[in-house]
Amino acid sequence: KPLGTGILLAADMQGKARSAWVEAAFAAMRQSNGGAVSVLREHGARAVTDVTGFGLAGHLQEMLLASGTGADVRVPDVPTLPGVADCLAAGIESTLAPANRIAVPHAPSLLLDPQTSGGLLAAVPAERAADCVQALRAAGFAEAALIGHCREGSGLTFEG
């Protein structure tokens, strides 16, 4: 699912969100992740978590620490909800983002945004990742994306 529910809800509470942005956030939150699980399983997913209060960066960091690997994330490839870029440019963020920033201080604000009913973050074998994304899109997850790759070593880097 695209990121930005925390940012958009914060903007809405400040009276700075457009109704179309909030409606898109609610539509994303209503979409069940259930159908994605079987697709991920079919494509050999090795680790999966939902993206919730710790933001994508926090959840990814926990996955990496548990597996003893590192990862590189291409931030421009991370899908976002409509209006998120405008809100970030205006300095709007969720009240939980500062705590998430302490956990992953070098992460971009978007990846620190806590999600309500967020999507799934999955580690899929590299040779199957593109096919997995296509299958997810065919299953109704139009915003499914390949956002980076895992690597030997440790650490989390953000490109773009």
Side-chain angles (χ1 to χ4, degrees), residues 1-12 17-88 94 96-97 100 104 107-152 156-160:
K1 293 181 184 181
L3 296 183
T5 59
I7 292 165
L8 292 174
L9 294 175
D12 189 47
R18 295 183 185 162
S19 61
W21 299 348
V22 176
E23 289 173 19
F26 285 138
M29 288 186 280
R30 283 191 301 267
Q31 184 179 25
S32 171
N33 290 325
V37 174
S38 61
V39 173
L40 293 170
R41 185 177 294 126
E42 289 169 12
H43 288 85
R46 295 180 177 160
V48 179
T49 187
D50 58 336
V51 179
T52 56
F54 296 115
L56 188 143
H59 287 286
L60 177 55
Q61 182 168 268
E62 287 189 351
M63 290 172 76
L64 296 173
L65 290 172
S67 66
T69 60
D72 304 309
V73 177
R74 291 181 307 277
V75 179
D77 294 344
V78 175
T80 60
L81 288 162
V84 169
D86 293 328
C87 292
L88 285 171
S94 166
L96 293 179
N100 290 346
V104 192
S109 293
L110 171 66
L111 303 187
L112 299 171
D113 186 44
Q115 302 302 290
T116 298
S117 186
L120 299 176
L121 176 63
V124 176
E127 65 276 6
R128 300 182 75 184
D131 289 340
C132 183
V133 168
Q134 291 304 322
L136 285 165
R137 290 178 180 170
F141 299 92
E143 298 286 340
L146 179 60
I147 63 167
H149 65 274
C150 293
R151 56 176 162 68
E152 289 186 22
L156 181 54
T157 64
F158 304 99
E159 303 166 3

Run the side-chain donor-acceptor check on residues 115-130: report pairs under 3.5 Å with partners two or more places apart or on a different chain.
from: Q115; atom 1: OE1; to: G4; atom 2: N; distance (Å): 3.1
from: Q115; atom 1: OE1; to: T5; atom 2: N; distance (Å): 3.3
from: Q115; atom 1: OE1; to: T5; atom 2: OG1; distance (Å): 3.3
from: Q115; atom 1: NE2; to: D113; atom 2: O; distance (Å): 2.9
from: Q115; atom 1: NE2; to: D113; atom 2: OD2; distance (Å): 2.7
from: S117; atom 1: OG; to: K1; atom 2: NZ; distance (Å): 3.3
from: S117; atom 1: OG; to: M29; atom 2: O; distance (Å): 2.7
from: R128; atom 1: NH2; to: E42; atom 2: O; distance (Å): 2.6

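- Residues V39 and A135 share a closest heavy-atom pair of CG1-CB, 3.7 Å.
- Contact check for C132 versus L40: side-chain heavy atoms found under the 4.5 Å cut-off.
- Looking at heavy atoms from C-beta onward, E159 lies out of side-chain contact with V75 at the 4.5 angstrom threshold.
- A distance of 9.5 Å separates SG in C87 from CG in D12, rounded to the nearest 0.5 Å.
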Subject >> Working for side-chain contact (heavy atoms from CB on, under 4.5 Å), residues W21 and D86 >> reply: CA-CA 10 Å; W21 299 348; D86 293 328; 3.3 Å; yes
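- Of all heavy-atom pairs between I147 and P79, the closest is CG2-CD, 4.3 Å.
- Rounding to the nearest 0.5 Å places CD1 of I7 at 4.0 Å from CG of L88.
- Within 6.0 Å of CZ in R41 there are 12 or fewer heavy atoms belonging to other residues, nucleotides or ligands.
- Residue R46 qualifies as open at atom CZ: its count of foreign heavy atoms under 6.0 Å is 12 or below.
- Side-chain contact between R74 and F158: absent, with no pair of heavy atoms (C-beta onward) separated by less than 4.5 Å.
- Applying the ring-ring contact (aromatic ring centres under 6.0 Å, His included) test to F54 and every residue at least two apart in sequence or in another chain returns H59.
- T69 OG1 to L64 CG: the interatomic distance, rounded to the nearest 0.5 Å, is 4.5 Å.
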**OP:** For the pair L146 and D77, evaluate side-chain contact (heavy atoms from CB on, under 4.5 Å) and give the outcome as yes or no after the intermediate values.
**Re:** CA-CA 7 Å; L146 179 60; D77 294 344; over 6 Å; no
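- You'll find the side chain of V73 stays beyond 4.5 Å of the side chain of T157, heavy atoms only.
- In this structure the side chain of L3 reaches within 4.5 angstrom of the side chain of L56, judged on heavy atoms.
- With contacts defined as side-chain heavy-atom distances shorter than 4.5 Å, the pair Q61/L156 qualifies.
- Rounding to the nearest 0.5 angstrom, the gap separating the CD atom in E143 from the CD atom in Q31 is 9.5 Å.
- Side-chain contact check for E62 versus T49: every heavy-atom pair is 4.5 Å or farther apart.
- Checked by atom type and distance alone, the side chain of R18 never pairs as donor or acceptor with a backbone atom of G83 at under 3.5 Å.
- Rounded to the nearest 0.5 Å, atoms CZ (F26) and OG (S19) are 11.5 Å apart.
- Annotation: the span from S94 atom OG to L112 atom CG amounts to 10.5 Å, rounded to 0.5 Å.
- Of all heavy-atom pairs spanning N100 and G55, the tightest one is ND2-N, 3.9 Å.
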